[in-house]
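Data block below; observations after.
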Amino acid sequence: MTTSVSRSRLTGALVALSVLAMTACGGGGSTSSSGPVTVPKPGSAGAKSLSGDVSWWGWAPGTTIAPTYIKAFNAVYPNVKVTYKMIDYSGYTAALRTAMTSPSGPDVYNLQPGAITAAYGRFAKDLTPAAKASLGSAWKDKLSPLGVQTFSDGNKLMGLSIGSGGAGTLLINKSLFDQWGLKPPTTLGEWVQTCKTIQSKGSTCFVQGAKDEWINQDMIQSIANSIAPGKFRQAVAGKLQWTDPDLVQALSIFKSLFSDGIMQPGAAGIAQYPDAMNRFMAGKAAMIMQGSWEASQYKEDHMLATIKAAGVSNPKAFTALLIPFPDVAGKGNKTGYFADSDYGLAVRAKSKNAAAAEAFVTWLTTTIPGQTLVAEQFVQVPALKGVTPQMVGLVDPAAQGAALTQTISDVASATEQRQISSADLITALGDAASAVATNQKSPADAAADLQKAAKP
């Protein structure tokens, strides 16, 4: 499984419980960062002599990619031992809740924009001195503003972004589309007709794990941007009522995807990962909603491993391609990407291996070799400006090369955010999507519920 799991959101209830539990345990107050440490530059004699055991906790990048990062880091810091502990996303906050106040907690841990950073960023060491030491006084100008803004709390830099990811696209099996002589849908009408054609061939057209709040949120935000760009985020910020007619229409169109045969039967009962994605990778569905992180499926070796993990014993690569979200409102609005830092790396203030931990974090997030390695996974758009991957190992270079370059450019220039920091609103969005999808509530009533959960 790829780091796309990091694109999921925790339910608001889980985050809220975590924060309450920490407060009850006496961990609710601010935790001051320890002082700056000296991190030797990569390639220096000090880098070769620096030692320490670094424990890294995260739901991403996963057990396939993390060893690649660590091995490359050890080529320049050979005596720093980094141990990656992958924690399932659904249990991540529960693990951190105890770890942040424990002497045996991680040295490095992942932060995600929104609720996780709001709850756990305060336990991180200020990485501003580390960023300055690595990139100079103009360090902010050299990094993507998405990451800097997301992980800053006043003058404190709680984490360094590994790279950005954007949502608002569909991932299609282009090989199947070509086989059937079909073109990707560009409107709601074309989408419905395309699904009828694909279904007539005995295949599933579109698959979604509508059990998960996060992917439904991506879908509704894309629909809303097709109707009235920017209104979804205005409502998130409390600057617009969720009962605005355009947002009610967005919920109505979301509902129509179920009634008009785009969403597969039983969509509300399965998760996006692994259920829906496994079906897509196994060739059992022609389309799925996914973001820029799934450009990783353009790489043949990665795709073959993912197909095998989906249960196919003799995997055969196909051409996957990210396409724009259809113009479901018929207004000609380009929905584009909405994006955030995929995840950031924080150094716990209580770490006993701060220098070694900062060396690992800054090497991976602020150096050209580290960020090039990140770029070449095709999962994140690098946080360090000017770093691009080599277009090697693609399944179909002719179809995917230019598309990947465009994706990198589009995500890097995205201005609309994706993540939501309000745990209550995240929960309310999940409830509203589920209620609309299963005909338990009308779009208008669901919008009214969202407004109740919105910021006062």
Side-chain angles (χ1 to χ4, degrees), residues 3-9 58-61 110-118 120-121 124 126-128 130-132 134-135 138-169 214 217-218 221-222 225 229-230 232-234 236-237 290-296 322 335-346 361-362 364-368 370-372 374-375 377-389 404-422:
T3 193
S4 44
V5 175
S6 69
R7 297 284 80 194
S8 307
R9 277 85 160 181
W59 65 90
N110 286 12
L111 289 177
Q112 185 184 54
I116 291 180
T117 295
Y120 299 102
D126 183 10
L127 293 179
T128 303
K132 286 182 179 179
S134 179
L135 297 172
W139 63 273
K140 287 185 180 180
D141 297 332
K142 298 177 182 180
L143 297 174
S144 166
L146 282 173
V148 175
Q149 293 166 8
T150 295
F151 299 121
S152 292
D153 182 10
N155 293 324
K156 177 183 177 181
L157 183 64
M158 299 175 286
L160 280 162
S161 172
I162 195 167
S164 301
T169 50
W214 69 272
Q217 179 183 314
D218 285 348
Q221 186 167 348
S222 294
N225 283 346
F232 183 92
R233 293 306 304 190
Q234 289 176 36
V236 169
Q290 289 289 13
S292 63
W293 56 91
E294 285 300 350
S296 59
L322 291 165
T335 58
Y337 280 101
F338 35 97
D340 285 294
S341 171
D342 198 7
Y343 64 95
L345 297 180
V361 169
T362 55
L364 189 57
T365 62
T366 67
T367 72
I368 291 176
Q371 284 283 280
T372 298
V374 169
Q377 308 307 313
F378 297 169
V379 176
Q380 292 97 9
V381 174
L384 185 63
K385 293 179 181 178
V387 175
T388 56
L404 182 56
T405 298
Q406 188 63 53
T407 293
I408 292 170
S409 175
D410 290 346
V411 172
S413 61
T415 58
E416 182 172 333
Q417 289 183 300
R418 179 180 180 232
Q419 301 283 4
I420 295 175
S421 59
S422 168

Requested in this report: Check step by step if side chain to side chain contact (heavy atoms under 4.5 Å, CB included) holds for W214 and R418.
Outcome: CA-CA 10 Å; W214 69 272; R418 179 180 180 232; 3.3 Å; yes

Requested in this report: Show your working on side chain to side chain contact (heavy atoms under 4.5 Å, CB included) between E416 and N225 and close with a plain yes or no.
Outcome: CA-CA 10 Å; E416 182 172 333; N225 283 346; 3.1 Å; yes

For a quick test of reading the model, state the closest non-hydrogen atom pair linking [X] to [Y] and the distance between them.
X: L157; Y: S152; value: CD1-OG, 3.7 Å
X: S292; Y: T169; value: N-OG1, 4.5 Å
X: A339; Y: L146; value: O-CD2, 4.0 Å
X: M158; Y: T150; value: CE-O, 4.5 Å
X: P389; Y: F378; value: CB-CE2, 3.5 Å
X: N110; Y: I116; value: O-CG2, 4.3 Å

Rounded to the nearest 0.5 Å, how far does [atom2] of [Y] lie from [atom1] of [X]?
X: K385; Y: S144; atom1: NZ; atom2: OG; result: 7.5 Å
X: W293; Y: T407; atom1: CH2; atom2: OG1; result: 12.0 Å
X: S421; Y: Q112; atom1: OG; atom2: CD; result: 12.0 Å
X: L143; Y: Q371; atom1: CG; atom2: CD; result: 8.0 Å
X: S134; Y: L127; atom1: OG; atom2: CG; result: 11.0 Å

With a 4.5 Å limit on heavy-atom distance, are the side chains of [X] and [Y] in contact?
X: F151; Y: T117; answer: yes
X: T362; Y: L160; answer: yes
X: S413; Y: Y337; answer: no
X: Q217; Y: F232; answer: yes
X: I420; Y: V236; answer: yes
X: R233; Y: F338; answer: no

Requested in this report: Look at atom NZ of K142 and say whether more than 12 heavy atoms of other residues, nucleotides or ligands are closer to it than 6.0 Å.
Outcome: yes

Query - Derivation and outcome, side chain to side chain donor-acceptor pair (under 3.5 Å), residues D410 and Q406 - result: CA-CA 6 Å; D410 290 346; Q406 188 63 53; 2.8 Å; yes

**Report entry** Check against side chain to side chain donor-acceptor pair (under 3.5 Å), D340 and Q419
**Finding:** CA-CA 7 Å; D340 285 294; Q419 301 283 4; 5.1 Å; no

Requested in this report: Walk me through it: do T365 and L384 pass the test side chain to side chain contact (heavy atoms under 4.5 Å, CB included)?
Outcome: CA-CA 7 Å; T365 62; L384 185 63; over 6 Å; no

**Report entry** Donor-acceptor contact present, side-chain K156 to main-chain A124, <3.5 Å
**Finding:**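 Such a contact is found between K156 side chain and A124 backbone.
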
